[in-house]
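Letters A, B, ... are given to chains in the order of the sequence lines, protein chains preceding strands, and every chain is numbered from 1.
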Amino acid sequence: MDSEEYNIEYLKENGFTRKKCERCGSHFWTRDHDRKTCGDAPCEFYSFIGNPIFKERSADEIRESFLSFFEHCPHKHTRMKRYPVVARWRDDIYLNIASIANFQPFVTSGKVPPPANPLVISQPCIRLEDLESIGKTGRHLTAFEMMGHHAFNKRGGEEIYWKNDTVKYCDGFLRHLGVDMDSVTYKEAPWVGGGNAGPCLEVITNGLELATLVFMDLELSPQGEISINGQRYTKMDTYIVDTGYGLERFVWASKGTPTVYDAMFPDVIKELVNASGFEHPLETHPAIIIQNARLSGAMKREEIANKLGISLKNLKNILEPIETIYAIADHTKCLAFMLADGVVPSNAKEGYLARLVLRRVFRMLKSMGIGIPLEDIVLMQIETLRKSFPELEKSVDRIVELVSLEHRRYDETLLKGERIIRQMARGYKRKEEQKIPLDMLINLYDTHGLPPEFVKEVVSNQEAGVDVEVDIPENFYSLVASMHSEERKGEMEQPIVEKIEEKTKSIPATQKLYYEKPSAVDFEATVLDFVDGSVILDKTLFFPEGGGQPADTGSLTLKEENNRTLKVIDVQEVEGVILHKIENGGVSKGAVVSGHIDAARRIAHTKHHSATHVVVCAAREVLGGHIWQAGAQKGEKRARIDITHFKRISDAERREIEMLANRIVMEDKEIKASFEDRNEAEQKYGFRIYQGGVPPGKRIRIVRIGEDEDVQACAGTHCSKTGEIGPIKILRTERIQDGIERIEYSAGEAAVKEIQLLEELIRKSASVLRVPVHKLPSAVERFFEEWKQLRKENERLRAEIAEQRIGLWKEHARDIRGVSVIAEVLPGADTKEMMKIASQLSKDDFLTILIGKREKHASVVSSVPVYLRNEVNASALVKRVCEVLGGSGGGKAEIAQGGGTKIEKVKEAMEAGITLVDDLISKKVQK
RNA sequence: GGGCUCGUAGCUCAGUGGAAGAGUGCCUCCUUCGCGAGGAGGAAGCCACGGGUUCAAAUCCCGUCGAGUCCA
C-alpha cells in the first residue's frame with residue numbers, strides 16, 4: 001500500500017515522525033524521537049501490567065466517556081443503540097463481529113444512507129475464531145465491545161471528515177483519559193475484511209493495541225488496480241471512517257492486571273476460584289504471574305519458562321487451572337449475549353456456535369470440579385451487565401431453561417459415548433492393538449461428538465477394565481476442520497443472472513401495480529423490451545417470485561395482433577425490473593398488451609402469505625420471544641414456516657398456536673402495508689422486522705398487523721384484514737434440524753379442504769371397522785392387539801401341526817443305501833414351518849429334502865443328520881435342487897434353504913436331489 | 001447449507017444375506033420368619049415406516065419419519 005496514504009497533516013503538525021520498526025519492519029508514527037520499535041507486541045512487552053497507563057476506570061465508565069467524547073466533539077456524533085450480536089441483517093455472517101458490520105453491506109456500499117452521520121456506538125461483538133486460545137493469551141475474548149465512531153463519505157458529495165480528524169480525535173480521546181502521549185504510536189497496517197479494505201493505523205501504547213483506525217475506501221474487484229495480500233481491490237464510491245476501540249483493552253490498561261480477564265471479570269473469577277478449590281496463582285506465585293503476563297504478548301511459553309528459570313511443565317501447572325477459569329468467565333459472557341439475543345442452541349448455523357461454546361464450558365467446569373450450574377454463572381454475568389444492557393434481563397427465564405436443557409443433553413451424549421468407547425476399546429484389546437487409531441478418534445468426535453480428551457479419560461479409567469492407549473495429536477481439532485473443508489471443494493456455483501442484469505440496467509424500474517391495486521386482476525401496459533424470452537412492461541400486476549411467495553401466472557393479450565395471447569409462466573424481478581417469462585412466441589417493443597393474472601392462484605398465495613405472519617405471531621406468543629423465522633414457503637394449497645425453537649412443539653402447543661392464529665383471524669385486524677424509511681423502521685420496530693431476510697434499498701415495505709402485534713419487512717401480497725384469510729389449519733410440525741421446527745398449514749378454502757380430507761379419512765377408517773368415529777382409537781387398538789394375538793396363535797398352531805406331522809413323514813421315509821431319507825413335496829407350506837420339521841427330523845437321524853409348493857414359487861429346505869455331515873452338505877444339496885427350479889439357495893451344512901420359480905419342475909428337482917444324495921452316500925459306502 | 005452415525009424385547013444393546021439373540025427388568029414357582037440373594041420356568045418383537053434387489057433382507061440399495069453428531 002502506498003505510503004502516501006499515511007501522509008496525514010495532523011501527525012506532521014503535532015511533532016510525529018515516521019519511523020521503521022527495528023524488529024518487524026513496519027512503519028509507524030511517534031512523538032518519541034528515541035523510539036526504535038513500533039511498540040506493538042511482540043516487538044515490545046506489556047509494560048502496563050502492574051503499572052497502569054491511566055486512572056482506573058470500569059467498563060461502564062470507559063464506554064460512557066468514549067460515547068460522550070464523540071457526542072460533544074466538533075462533529076457532534078449521534079449516539080446509536082447497540083445492534084444484536086446475531087447478525088440477522090446479513091446472510092454472509094452469523095455473528096456481529098465489528099461495529100461496522102452493522103452497516104454492511106447496504107450502507108457501506110452507498111445503497112442506503114447511514115442512520116446518522118457521523119455516529120458513535122459501542123457494539124458488543126462475538127468472534128469465535130480463537131476459541132482455543134481464550135484464557136491462555138491473556139488478551140483474547142470471544143465477547144468484546146467494539147467502540148467505534150464512523151463517518152460515511154461519498155465521492156463528489158460533502159465530506160463529513162476523513163483521516164485527519166480521525167487521528168486528531170483519537171489523540172484527543174487518549175489525552176482526555178490521561179495517557180502519556182509520548183508513549184503512543186500509530187502503526188501503519190493495511191486493513192482487509194469482509195470484501196473491503198483500506199489503509200489503517202493501529203493505536204498502540206505500552207505494547208498494547210488499544211484501537212484501529214481504518215480508512216475503508218476499497219472493495220474487492222477482480223480487475224482492481226490495487227493489490228493487497230494477493231487479492232485485487234478497487235476504489236469505492238464511498239470512503240468510510242471505520243474505527244474500533246477495544247473497550248476491554250482500555251479497562252485492562254487502566255487497571256494493569258495480569259490479564260484482561262482479571263480486569264473485566266474479577267467477581268466471577270473469584271467465585272469460580274473459590275468453587276474449584278484452587279488458589280489464584282496471583283496469590284501463590286505473584287512474581288511468576290506478573291512476569292508471564294508481561295512477556296506473554298512477545299514470547300512463546302517455552303521461552304518464558306526459560307527466562308523465568310522454571311520448567312515448562314511447572315509453568316503450565318501453575319497457569320493452566322487459572323486459564324481454564326479465565327475461559328469460563330469469558331465464555332459465559334459470550335453466552336449471555338448470544339442467548340439473550342435469541343440464539344437457540346442447535347446443530348446448525350449460529351445455534352451450533354452457541355452449542356459449541358456451551359459444551360466447551362460444560363467440559364471446563366467438569367475438569368475444574370466446579371459445581372456451580374452454568375446458568376448461574378451466566379446470570380452472574382448478566383447481573384454485572386444489566387446496568388448498561390437492561391434488555392438482557394428479559395431473557396433470564398429462557399436462558400435458565402435453555403442452559404439446563406443443554407446440560408442434560410450433553411450428559412446424555414457423554415453417557416451414550418462412554419458405552420460406545422468402552423465397547424470399542426474392548427474390541428481393540430481383543431485384537432491386541434495397543435492404540436486407538438487416529439481415524440477412530442476423529443470418527444468418534446465427528447460422529448458422536450466425543451472429544452478425544454474424553455475418550456482418553458474413559459479408556460484410562462481403571463474401572464473400564466481396558467488398557468488401550470490414546471494419543472491425541474496437538475492439531476486434532478484443525479485436522480477435523482481441514483477434513484471438512486476438503487469436502488467443500490469443488491462446489492462452486494456462479495449464478496448467470498449477471499447477463500440479464502446487464503441488459504436491464506438501462507430499463508426503468510417497472511411500476512408495481514400489485515401494490516397499488518392489490519385486488520385487481522386485469523391491466524393494460526406497454527412493452528418496453530423483450531429479453532431472453534421475457535417480456536418487460538412499463539407497469540404490471542404480475543407479482544414476481546420472492547419472500548417465499550411464488551410468482552403469479554396468467555396471460556398477456558395483444559389486441560393489435562388479433563388478440564394473440566402469450567402465456568406467462570414465471571415472473572422474476574431483477575433490480576426493480578420485472579421479467580415476464582412467456583411460454584413461446586415473442587413481442588415487439590412498444591406493443592400495448594392487456595394483462596390478466598390467474599386470480600384464484602394469487603388469492604390463495606395472498607391468504608397463505610398473510611396467514612404466515614399470523615402463525616409466526618401466534619407461535620411467538622405461545623412458545624416465547626426467541627421464535628425467529630428461519631425460512632418460509634407459500635403455495636396455493638398449503639404453506640410452511642420454519643421457526644427457531646429449542647424443543648419439539650407438543651400437540652398441546654400446536655393446538656394452542658392454531659387456536660390463537662384463528663382468533664387473530666376472527667378479530668379481523670387490519671393489515672397495513674406501506675413503504676417506510678429503512679433506518680426509521682429499524683429504530684421504530686427493531687430488527688424483528690427482518691424475519692424473512694433483508695431486502696435491499698433505502699425504503700422498505702413494512703407489513704403491520706393490528707396494533708403492531710406483528711411487524712415485518714415484506715414484499716409479498718397481503719389481505720387488507722386478517723378476516724379475509726379465512727380459517728387456518730395447522731397440518732403438521734416437523735423438526736428440520738435441532739433447534740428449527742417447521743409448521744405446515746393451510747389457509748382459506750385450502751384449509752377447509754384439508755379439514756374435509758382428514759374427516760373423510762377418519763370416516764372411511766371408522767366405517768371399515770364398523771365403529772362410530774369416536775370409538776376409532778379404542779377399536780384400532782383392540783384390533784391391533786387381537787391381530788398380534790392371532791399371529792402368535794397361528795405360529796403356535798403351525799408348530800404344533802409340524803410336530804404332529806413329523807410322525808407321519810417318518811413313515812414315508814425311503815431308504816437310500818442305508819440312510820433314511822424323507823423327500824416330500826408339501827403343498828402350501830412356508831419355509832419357516834419346513835425348517836422346524838426338517839430340523840426335528842434330522843435330530844432323529846433322517847435326511848430331508850422338503851419342497852414347499854406355492855402358486856408362483858417353490859421353497860426348498862434340506863437337513864442332514866449329524867452322522868452324515870462329512871458326506872452330505874445340506875447347502876450344496878439345496879443348491880442342486882434349486883438350480884433345477886430356476887433359483888438358488890444356501891445356508892449351513894446341517895440345514896439350508898432356497899427356492900425357485902419354475903414350479904412345474906418340482907418333481908424333476910426332487911429327483912435331482914435324490915440322485916445327488918445317492919451319489920454322495922455311495923461314495924461313503926465305497927470308502 | 002454440507003458430511004457422518006443410529007432406529008431390534010419395558011430398558012441397555014449384540015446380530016454384515018440363510019431358524020430373531022444377550023444382559024437387565026417383569027411374571028410364576030422353589031429356597032427364606034421376612035428382606036437381600038440364589039435356583040427353575042415363563043411372558044414379552046409389524047427388527048421405525050414404504051418401496052426395490054434376491055430363491056432368501058433386521059442385514060444390501062432408494063425414499064419417508066424419528067434421533068444424535070461434526071463442519072462452514
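The closest side-chain heavy-atom distance from A:K634 to A:T612 is below 4.5 Å. Here the side chains of A:V780 and A:L769 are in contact, with some heavy-atom distance below 4.5 Å. For the pair A:E350/A:R88, a side-chain contact is recorded, criterion being any heavy-atom separation below 4.5 Å from C-beta on.
Distances were taken from every side-chain heavy atom of A:A348 (C-beta onward) to each of B:rG1, B:rC4, B:rG18; the shortest belongs to B:rG1. Taking every side-chain heavy atom of A:R648 into account, B:rG66 is the closest of B:rC70, B:rA72, B:rG66. The side chain of A:K892 approaches B:rA19 more closely than any other nucleotide in the set B:rU12, B:rU5, B:rA19. Of the candidate nucleotides B:rG1, B:rC55, B:rC13, B:rG1 has the atom lying nearest to any side-chain atom of A:Q737. Which of B:rG1, B:rA19, B:rU5 sits closest to the side chain of A:K836 comes down to B:rA19. Nearest nucleotide to the side chain of A:K788, out of B:rA19, B:rC4, B:rG45: B:rG45. Listed nucleotides B:rG45, B:rU69, B:rA19 differ in distance to A:K792; the shortest reach to its side chain belongs to B:rG45.
The separation of B:rG3 from B:rG21, taken at their P atoms, amounts to 38 Å, rounded to a whole angstrom. Rounded to whole Å, the P atom of B:rC60 lies 10 Å from the corresponding atom of B:rG7. Spacing of P atoms, B:rC47 relative to B:rG36, comes out at 35 Å, to the nearest Å. Atom name C1', nucleotides B:rG23 and B:rU32: the rounded distance is 27 Å, in whole Å. Comparing the C1' positions of B:rA20 and B:rA9 gives an interatomic distance of 11 Å, to the nearest angstrom. Comparing the same atom, P, in B:rA57 and in B:rG52 gives a spacing of 12 Å after rounding to whole Å. Distance check on atom P: B:rU64 versus B:rU69 gives 22 Å, rounded to whole Å. With C1' as the reference atom, B:rA44 and B:rU8 are 14 Å apart, rounded to whole Å.
Atom NZ of A:K843 is separated from atom P of B:rA19 by 14 Å (rounded to the nearest Å). One interatomic measurement links the two molecules: CD of A:E795 to P of B:rA20, which rounds to 9 Å at whole-angstrom precision. At whole-Å resolution of the value, CZ in A:R409 and P in B:rA67 are 10 Å apart. Computed from coordinates, the A:Y477 OH to B:rU69 C1' distance equals 13 Å when rounded to whole Å. Atom CD in A:E734 sits roughly 5 Å away from atom P in B:rC65 (whole-Å rounding). One interatomic measurement links the two molecules: CD1 of A:I740 to P of B:rU69, which rounds to 15 Å at whole-angstrom precision. Taking atom CG of A:L450 as the reference point, atom P of B:rU69 lies 10 Å away to the nearest angstrom. Atoms CG (A:D446) and P (B:rG2) sit 16 Å apart, rounded to a whole Å.
Comparing A:R735 and A:I420 along RNA chain B, the residue whose closest nucleotide (by nearest heavy atom) sits nearer the 5' end is A:I420. Between A:I736 and A:T733, the residue anchored nearer the 5' end of RNA chain B, judged by the nucleotide with its closest heavy atom, is A:I736.
Between A:Y445 and A:Y477, the gap from one ring centroid to the other is short of 6.0 Å. Taking the ring centroids of A:Y83 and A:W89, they lie under the 6.0 Å cut-off.
Using a 4.0 Å heavy-atom criterion, one finds that A:T413 contacts the sugar-phosphate atoms exclusively. Using a 4.0 Å heavy-atom distance criterion, A:K349 is classed as a base contact. When heavy atoms are screened at a 4.0 angstrom cut-off, A:G449 is found touching the sugar-phosphate backbone but no base atom. Among the heavy atoms of the strands lying under 4.0 Å from A:L356 are primed sugar atoms or P, OP1, OP2 only; no base atom is included.
Across every strand in view, B:rC35 sits unpaired, with no contact that passes the Watson-Crick or G-U test at under 3.5 angstrom. B:rA40 is paired with B:rU28 under the criterion used here, namely a Watson-Crick or G-U wobble arrangement in which both key atom distances are under 3.5 Å. Checking B:rG7 for Watson-Crick or G-U wobble geometry (two distances, each under 3.5 Å) identifies B:rC65 as its partner. With a cut-off of 3.5 Å on both Watson-Crick or G-U wobble distances, the partner of B:rC60 is given as B:rG52. When both pairing distances are held under 3.5 Å, B:rA22 makes a Watson-Crick or G-U pair with B:rU12.
In the interface, the side chain of A:N347 is paired with the base of B:rU69 through a donor and an acceptor atom under 3.5 Å apart.
At least one side-chain nitrogen or oxygen of A:R359 sits closer than 4.0 Å to the OP1 or OP2 atom of B:rU69. Here A:R791 does not reach the OP1 or OP2 of B:rC46: none of its side-chain N or O atoms lies under 4.0 Å away. Between A:S888 and B:rU54, a side-chain N or O to OP1/OP2 separation shorter than 4.0 Å is absent. The phosphate of B:rC13 has OP1 or OP2 within less than 4.0 Å of a side-chain N or O from A:R419.
Taking the six-membered ring where the residue is Trp, A:W787 and A:F784 present parallel rings, their angle staying beneath 30° rather than reaching 60°.
Taking a cutoff of 4.0 Å between a charged side-chain nitrogen and a carboxylate oxygen, A:E406 and A:R409 qualify as a salt bridge. Using a 4.0 Å cut-off between a side-chain N of Lys or Arg and a carboxylate O of Asp or Glu, A:R854 and A:D830 do not qualify as a salt bridge.
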